[in-house]
Enquirer: 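The structure's right below; bear with me while I get my questions together.
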Amino acid sequence: MNEPLHPLTLAEILDRTAQLYRSRFLVFMGIGAIPAGTVFVFAAGVFAFFTWMGSNARHGTAIADVLVWAFLTLLLVLAIPACLGASALGDAAMSDAAARAFLGEKITIRNAYKATWKRGWRYVGLYILQGLVVVGAPTVVFLMATVGMVAAKVSGVRSNDNSPLFAGLLFLVLLVLSVFAVWMLLRLCLAFPVCVVEQAPAWGALKRGVTLSHGTRGRIFLLYVLGVFLSQILAWCVTFPVLLAIAFLPGLQGQAHAQTVGMVALFATYGSFFAVKALTKPIYGIALTVFYFDQRIRKEGFDIEWMMQQAGMMTPPAPQPTPEVTSTSSSQESPVAAEPILEVFTAAEVSEPIAVHQTTLENTPEKATRE
């Protein structure tokens, strides 16, 4: 990376994200296409199966019911773990590739997934923890609130009761929980870069991610808002021409082909959604990784540490054997030490980063100027 490290504004972060994405477009696109493609394959299988079941339901309801339950069981056994693992490894590989690209290293799709595969269970655990906090907890609270209001027979629950109280309370609960989910997402969004770059455990990455995101959550919120608008624009740009082409196909005109046209249009809509997701996923991964380094520069003087290492003033410590610790004892200790270790990447050993001591503000000569 030719440009020296320094604190970035939001415009500079977005510009750096666009530069990194454009310079290595195929690599980042390929990393994002793997988890999106995995989810799409299983979703397409579900869509095709239920379409087939709907067209053959008249041949026997008992057989249809057995096939549906067998398929749903197979879906739970195969699809959910596969999609969960692919999404977690995809996020980790995106953070790994973005960090290497930000530091000027060479990246490939294979090396990004190879580096994350060794610690795959850690990233899956982090992905599950994030999902439980951001999505799982609000969903459980919403269901409990709904059941509680129904059990309490709040006005408006019955079909013959026109009182807006139940609908209003339900909307209020949904609004509060949505704000909570967005707030927790902004607090935890830097956990994956922390876990990948610093090799922190899942719980420690969550705690450190909350610390690093403090002071920049408003800028990250603007990033998500811009990403949502961009995704919607791209989705309509891809979907509308496809739907228009399907509607004017000569062989699909008439009422007899209305069901076929509907199924093809629905499949095209879902296909365009996953294509847009694969295209926009790297934007979030790259931008959040740049936010991570920017916060480290602002709070911990990472730019000074990096310049010292590039100038040869900091040498990595010699590897020393460490005694094994059980999972019980390691969980009792603080996952992130007072002086955490930064895993700096090298081009020669892509999957084996070099560990150097992290420079903290207390040991930085320019602490007073930064504060």
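No experiment lies behind these values; they were computed from the predicted model shown. What you see below is based on every heavy atom in this structure, not just the backbone, and it leaves out hydrogens, waters and symmetry mates.
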Enquirer: Could you pull out the closest heavy-atom pair between S95 and T289, with the gap in Å?
Expert: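 Shortest heavy-atom contact: CA-OG1, 3.8 Å.
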Enquirer: Among the clusters formed by ILVMFWY side chains lying less than 4.5 Å apart, do L10 and F229 turn up in the same one?
Expert: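 Yes, same cluster.
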Enquirer: Would you give the length of the straight line joining atom CD1 of I297 to atom NE2 of H6, rounded to the nearest 0.5 angstrom?
Expert: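 Answer rounded to 0.5 Å: 8.0 Å.
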Enquirer: What are the two closest heavy atoms between C83 and F42, and how far apart are they?
Expert: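 Scanning both residues, the minimum pair turns out to be SG-CD1, 3.9 Å.
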Enquirer: Between H214 and K299, does the side chain to side chain contact (heavy atoms under 4.5 Å, CB included) criterion hold? Intermediate values first, please.
Expert: CA-CA 10 Å; H214 182 71; K299 295 186 175 184; 3.8 Å; yes
Enquirer: Applying a strict under-4.5 Å side-chain criterion to I, L, V, M, F, W and Y, I'd like to know whether V147 and V176 cluster together.
Expert: no
Enquirer: Please enumerate all residues that pass side chain to side chain contact (heavy atoms under 4.5 Å, CB included) together with S23, with sequence neighbours excluded.
Expert: none
Enquirer: Grab the two heavy atoms, one from D96 and one from A112, that are nearest each other, plus how far apart they are.
Expert: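 Taking D96 first and A112 second, the nearest heavy atoms are OD2-CA, 3.8 Å.
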Enquirer: According to side chain to side chain donor-acceptor pair (under 3.5 Å), does anything in residues 125-152 pair up with another residue at least two apart or in another chain? List the pairs.
Expert: none
Enquirer: With side chain to side chain donor-acceptor pair (under 3.5 Å) as the rule and sequence neighbours excluded, what pairs involving residues 76-93 come up?
Expert: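 Passing the test, one end in residues 76-93: D91-K281.
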Enquirer: Hydrophobic cluster membership, with links at side-chain heavy-atom distances under 4.5 Å among I/L/V/M/F/W/Y: are V210 and V179 in one?
Expert: no
Enquirer: Hey, are E198 and R122 close enough for a salt bridge, meaning a charged N less than 4.0 Å from a carboxylate O?
Expert: no
Enquirer: Rounded to the nearest 0.5 Å, what separates atom OG1 in T280 from atom CE in M29?
Expert: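 One gets 9.0 Å once the value is rounded to the nearest 0.5 Å.
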Enquirer: Going by side chain to side chain contact (heavy atoms under 4.5 Å, CB included), name the residues that satisfy it together with S213, two or more places apart in sequence or in a different chain.
Expert: L190, R217
Enquirer: Heavy-atom distance under 4.5 Å between the side chains of E300 and L212, does that happen here?
Expert: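 A side-chain contact exists here, since the closest heavy-atom pair is under 4.5 Å.
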Enquirer: Working to the nearest 0.5 Å, report the span between CG of D294 and CG of L288.
Expert: 12.0 Å
Enquirer: Do R119 and Y123 have side-chain atoms, one donor and one acceptor, less than 3.5 Å apart?
Expert: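 No, because no side-chain N or O of R119 sits under 3.5 Å from a partner of the opposite role on Y123.
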Enquirer: Could you list the donor-acceptor pairs under 3.5 angstrom formed by side chains in residues 231-240, with sequence neighbours left out?
Expert:
| residue | atom | partner | partner atom | Å |
| --- | --- | --- | --- | --- |
| S231 | OG | G227 | O | 2.8 |
| T239 | OG1 | A235 | O | 2.7 |
| T239 | OG1 | S272 | OG | 2.6 |

Enquirer: Can you tell me how far apart CD1 (I13) and CD1 (I286) are? Round to the nearest 0.5 Å.
Expert: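 If we round to the nearest 0.5 Å, I13:CD1 and I286:CD1 are 13.0 Å apart.
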Enquirer: Tell me the closest heavy-atom pair linking E12 and T9, and the distance in Å.
Expert: OE1-N, 2.9 Å
Enquirer: Ring pair (Phe, Tyr, Trp, His ring centres under 6.0 Å): which pairs involve residues 169-201, sequence neighbours left out?
Expert: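 Ring pair (Phe, Tyr, Trp, His ring centres under 6.0 Å) check on residues 169-201 returns no pairs.
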Enquirer: Do L170 and L172 sit in one hydrophobic cluster, given that two such residues count as connected whenever their side-chain heavy atoms are within less than 4.5 Å of each other, even indirectly?
Expert: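 Not linked; separate clusters.
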Enquirer: Other hydrophobic cluster members with V140, side-chain heavy atoms of Ile/Leu/Val/Met/Phe/Trp/Tyr under 4.5 Å, chained?
Expert: M144
Enquirer: Taking the side chain from R298 and the backbone from L8, do they hold a donor-acceptor pair closer than 3.5 Å?
Expert: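 Yes, the answer is positive, given that a donor and an acceptor are paired below the 3.5 Å cut-off.
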Enquirer: For F40, enumerate each residue passing the ring pair (Phe, Tyr, Trp, His ring centres under 6.0 Å) test, keeping only those at least two apart in sequence or located in another chain.
Expert: F267, F274
Enquirer: Mind checking ring pair (Phe, Tyr, Trp, His ring centres under 6.0 Å) for Y113 and listing every partner two or more places apart, or none if nothing turns up?
Expert: none
Enquirer: Using every non-hydrogen atom in the two residues, find where I109 and G30 come nearest and quote the distance to one decimal.
Expert: CD1-CA, 3.6 Å
Enquirer: Do V150 and F166 come within less than 4.5 Å of each other through their side chains, counting heavy atoms only?
Expert: yes
Enquirer: From the options F102, Y292, F293, select the one residue that forms a ring pair (Phe, Tyr, Trp, His ring centres under 6.0 Å) with F302.
Expert: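 By the ring pair (Phe, Tyr, Trp, His ring centres under 6.0 Å) criterion, F302 pairs with just one of F102, Y292, F293: F293.
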Enquirer: Could you measure the distance from the CD1 atom of I31 to the CD1 atom of I107? Nearest 0.5 Å is fine.
Expert: 6.0 Å
Enquirer: Check the pair E305 / M308 against side chain to side chain contact (heavy atoms under 4.5 Å, CB included), numbers first and verdict last.
Expert: CA-CA 5 Å; E305 175 189 353; M308 292 174 64; 5.7 Å; no
Enquirer: Could you check whether any side-chain N or O of Q199 sits under 3.5 Å from a backbone N or O of V196, counting only pairs where one atom can act as donor and the other as acceptor?
Expert: yes
Enquirer: So how far is it from L165 CG to M149 CE, rounded to the nearest 0.5 Å?
Expert: 8.5 Å
Enquirer: Where do A200 and A205 come nearest, in terms of heavy atoms and distance?
Expert: CB-N, 4.2 Å
Enquirer: Apply ring pair (Phe, Tyr, Trp, His ring centres under 6.0 Å) to F221 and list each qualifying residue two or more places apart in sequence or on a separate chain.
Expert: none
Enquirer: Look at the side chain of K106 and the backbone N and O of A101, then say whether any donor-acceptor pair between them is shorter than 3.5 Å.
Expert: no
Enquirer: Is the shortest heavy-atom distance from the side chain of L103 to the side chain of W306 under 4.5 Å?
Expert: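 Sidechains of W306 and L103: in contact.
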Enquirer: Mind checking side-chain hydrogen bond (donor to acceptor under 3.5 Å, both in side chains) for T216 and listing every partner two or more places apart, or none if nothing turns up?
Expert: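 For T216 the side-chain hydrogen bond (donor to acceptor under 3.5 Å, both in side chains) partners, ignoring immediate neighbours, are R219.
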Enquirer: Listed by chain and number, what are the ring pair (Phe, Tyr, Trp, His ring centres under 6.0 Å) partners of Y284, not counting sequence neighbours?
Expert: Y224
Enquirer: Are V197 and V124 co-members of a hydrophobic cluster defined by side-chain heavy atoms under 4.5 Å apart?
Expert: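 Yes; V197 is reachable from V124 via cluster members.
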Enquirer: Decide yes or no on side chain to side chain contact (heavy atoms under 4.5 Å, CB included) for V27 and T108, but give the supporting numbers first.
Expert: CA-CA 6 Å; V27 175; T108 61; 5.5 Å; no
